[in-house]
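Heads up: the structure comes next, in C-alpha cells.
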Amino acid sequence: MLLQRHTPSLRPLTTAHLAQTMTLLELTTAELRQRIEAELSSNPALELIEETRCPGCGRILSERKLCPLCSQPKFTTSEEPIVFLSSREDFFTHDRALTSEEDNSEDDYTSSSEELPAYVLRQIAPELNPDERVIAAHILTSLNEDGLLTITPAEIARYHFIPSYKVEKIIRLIQRAEPLGVGSQTPQEALLVQLEVLGETRPVPALAPLAIREGFDLLSRRRYIELGRLLNISSTQAREIACFIGDNLNPYPARMHWGENISSHPTGSNLPHVYYSPDIIISRLNDKQDTPLIVEIALPIRGTLRINPLFREAIQQAPEGKMEQWKADMEHASLLVKCIQQRNHTIVRMMQRLVVFQRQFILYGDEYLLPITRAALADELELHEATISRAVSDKAVQIPNGHIIPLARFFDRSLHIRTTLKKLIEHETLPLSDADLATMLAKEGYPVARRTVAKYRAMEGILPAHLRLRPQSL
DNA sequence: CTATGGCACGGATT
DNA sequence: AATCCGTGCCATAG
C-alpha cells in the first residue's frame, strides 16, 4: 500500500515510451538482461554504476536502500508480503553457465523466445556445422511443451532438401542432450534413449527396453500380470521393472524442467540443477504459520542503470556532426531506463497483490489455488489487462518448496479442481466412473460436467476407470 | 446398456 | 481478433 503511494509517479510520456514498456514487460528477466547488455555496449550515454549491496545480507538491491529484510523486520502479520527487487546469485547462475561456454555469434536462430530450444542448442552446437545448426534449430522449435517432436524427420528433410538420415542423425544428438530424450517423437522413444544413457553408468533391468517397446500400453495401464506374461517373467518382476521405469525415467523430457522433482537428477550429471532460472523467488521469513512471504523480483542486471552524467555534460560541446547522434543516444538511454523502472514497478505491484491472494496456494500447494483471471487482477490494480498478460507471460516463479513454476499457473482456472479430482481417485476403493466423479466433485463444491471430468483426467494422465486397478504401489 | 473419447460450438479469456 | 476451455452430442468400445 504505502509503497505504491510513495513511488514517484511514472507517467507514460510518449507513445514510444508506452510501446517500449509493453515490449519490455513481456520479456523474461534473462532476455531483458541480454537486451540491456547489448544497449550498454552500443550506447555511450548509458552507464552502469556499481552494485549496491545490502550491508545486512549481501543481496544486491536496485536502489541505495537497506534490504527490506534487514531493516528491522517488524512484520507480524501475514497480510503484508515483503516485496522488493533484488538480484541474488540464483538469478544469475543459470545463464552464466550458458553464456560462459560458447560464443554467441549472432546466430539469429538462438534468440528464440523459448529457453528450452536455446538451452539444448547450446549443448550440441559445438558438434554441428552451420548447416546442421539450422536443422537443429528447426527441430528444436518444433517441440511441444513436453519436449516431444511434433513433426516427422521426413518433413524436416523435405523442407531443407536433404536426406532424412541427416535429420535423424541430428535428432539422435539432441536426444542425448539435457533434458535426456528431448526431441523424441513418442514417449517410448524418449524412455528408450534415457534408458540407454542411464545404462552407460549403472545397471538397468535387462528387460526394460523390451517392456517399453512391446508392452508400453500394458505398462501404462499397470497391467503387470499381462506384462509379465509378455516378457516371460512373474508379475512381481514386471512390477519391479515398471517401478524402475517410473522412478528413473521420464516420458515427457521437458516436464522435469519445470520443477516438480528436484530429487531425481541422474547421478554424475555435471549440469546445473536449476534449469530455468526464476524471474521471481518467493520464500518464507520463518516457519510459523503466519509468516510473511518474501518476494524477490529479479533485477535484470547487477547494479543500477542510469544516464552517464559525463555524457550529459559533454553533449553541450558535441562535435558538429555528432550532435544529432548523441542526442538520440541520450533519448534512447533515458527511455530504456524509464521503461525498466516502469516494468519493475508493474511487476512489483502485481506480485504484491497476487501473493496475498494466492498465499494458501504458494504455501500449501495446488489444491489451494484460487481461480483468478488476469482481467480481474488488472481491474484491481487499475492496469490494462494486456499489461498483466504481458507481465505474466513466460515468467517463472520459484515457490518456497523449491519448485519453479510458470507464473501463469497462478491464473490456472481449474488446477484446484484437478487436484481434488486426483485426490478422489487416489483414495477411491474401487474405480469410479467419470460420472461418479462428477457428482462427487459437485458435492465438494465444484459443479463440472461429466465430459469435463474426462478431460481433467486426461490432463493429469490418469487412466479411465476400467483400466484402473487399484491394489497397491505408490 | 454404460463409460469414454472425438468433434465442434459458443462463450470467456487473453 | 485469436485462443482457450467447458460442454453437449454422437460414435464406438467394452
Side-chain angles (χ1 to χ4, degrees), chain A residues 18-19 21-28 31 113-114 141-146 150 186-187 216-218 220-223 225-226 254-255 258 279 343 346-347 349-351 353-354 357-358 361 366 369-397 405-422 424-426 428-470:
Chain A
L18 209 72
T21 313
M22 285 295 151
T23 40
L24 290 188
L25 197 55
E26 61 189 329
L27 294 180
T28 304
E31 291 162 345
S113 62
E114 274 295 311
T141 48
S142 308
L143 300 177
N144 66 15
E145 57 186 8
D146 292 330
T150 52
T186 62
F216 187 66
D217 59 322
L218 296 178
S220 50
R221 293 182 200 182
R222 301 179 199 281
R223 293 281 182 89
I225 304 146
E226 291 175 49
R255 284 199 190 170
W258 285 108
D279 299 287
R343 176 184 185 273
T346 308
I347 298 180
R349 284 226 299 151
M350 183 178 73
M351 289 314 294
R353 182 73 192 94
L354 212 46
F357 187 76
Q358 299 289 23
F361 162 69
D366 293 352
L369 181 76
L370 300 172
I372 182 174
T373 65
R374 293 158 171 78
L377 188 66
D379 199 52
E380 272 188 54
L381 297 177
E382 297 181 304
L383 292 167
H384 192 73
E385 27 187 87
T387 312
I388 299 289
S389 268
R390 291 169 193 280
V392 168
S393 76
D394 284 338
K395 307 289 189 302
V397 186
I405 59 174
L407 181 55
R409 187 166 310 171
F410 282 65
F411 298 89
D412 195 309
R413 273 175 278 172
S414 57
L415 189 63
H416 54 139
I417 308 187
R418 292 208 304 275
T419 32
T420 38
L421 176 69
K422 238 188 333 195
L424 283 178
I425 295 178
E426 263 167 34
E428 80 190 353
T429 33
L430 83 177
L432 296 158
S433 78
D434 287 352
D436 297 334
L437 290 166
T439 28
M440 292 186 67
L441 280 175
K443 276 182 199 149
E444 301 265 339
Y446 305 125
V448 286
R450 183 235 101 214
R451 189 65 190 76
T452 311
V453 174
K455 290 227 162 169
Y456 288 167
R457 223 176 10 76
M459 280 190 209
E460 298 296 335
I462 302 170
L463 291 160
H466 57 278
L467 298 176
R468 240 188 287 136
L469 291 183
R470 204 84 286 279

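What you see below is based on every heavy atom in this structure, not just the backbone, and it leaves out hydrogens, waters and symmetry mates. Chain letters run A, B, ... following the sequence lines, proteins first, then strands; residues in each count from 1.
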Does Lys395(A) reach the main-chain N or O of Leu27(A) with its side chain, forming a donor-acceptor pair under 3.5 Å?
yes

Salt-bridge criterion met for Asp366(A) and Lys422(A) (N-O under 4.0 Å)
no

Does any non-hydrogen side-chain atom of His384(A) lie less than 4.5 Å from one of Thr387(A)?
yes

With sequence neighbours excluded, residues passing side-chain hydrogen bond (donor to acceptor under 3.5 Å, both in side chains) with Gln358(A):
none

For the aromatic rings, using the six-membered ring if either is Trp, is the centroid distance between Tyr446(A) and His416(A) under 6.0 Å?
yes

Judged by each residue's nearest nucleotide on DNA chain C, which is more toward the 5′ side, Arg451(A) or Arg413(A)?
Arg413(A)

Checking all strands, does Arg457(A) fall into the base, sugar-phosphate, or nothing category for heavy-atom contacts under 4.0 angstrom?
sugar-phosphate

Base, sugar-phosphate alone, or nothing: which one does Ser393(A) contact when heavy atoms must sit under 4.0 Å apart?
nothing

Heavy atoms, side chains only, cut-off 4.5 Å: are Leu463(A) and Arg457(A) in contact?
no

Would you say Glu460(A) and Ile425(A) make side-chain contact, with heavy atoms under 4.5 Å?
no

At a 4.0 Å cut-off to heavy atoms of chain A, the contacted part of DNA chain B spans dA3(B) to dT14(B)

Anything under 4.0 Å to a heavy atom of chain A counts; send over the first and last such nucleotide of DNA chain C, read 5' to 3'.
dC5(C) to dC9(C)

Just to be sure I understand the rule, does Tyr456(A) reach a base, reach only the sugar-phosphate, or reach nothing, if contact means heavy atoms closer than 4.0 Å?
sugar-phosphate

Pairwise side-chain contact, Arg450(A) with Leu437(A), heavy-atom cut-off 4.5 Å (strictly under)
no

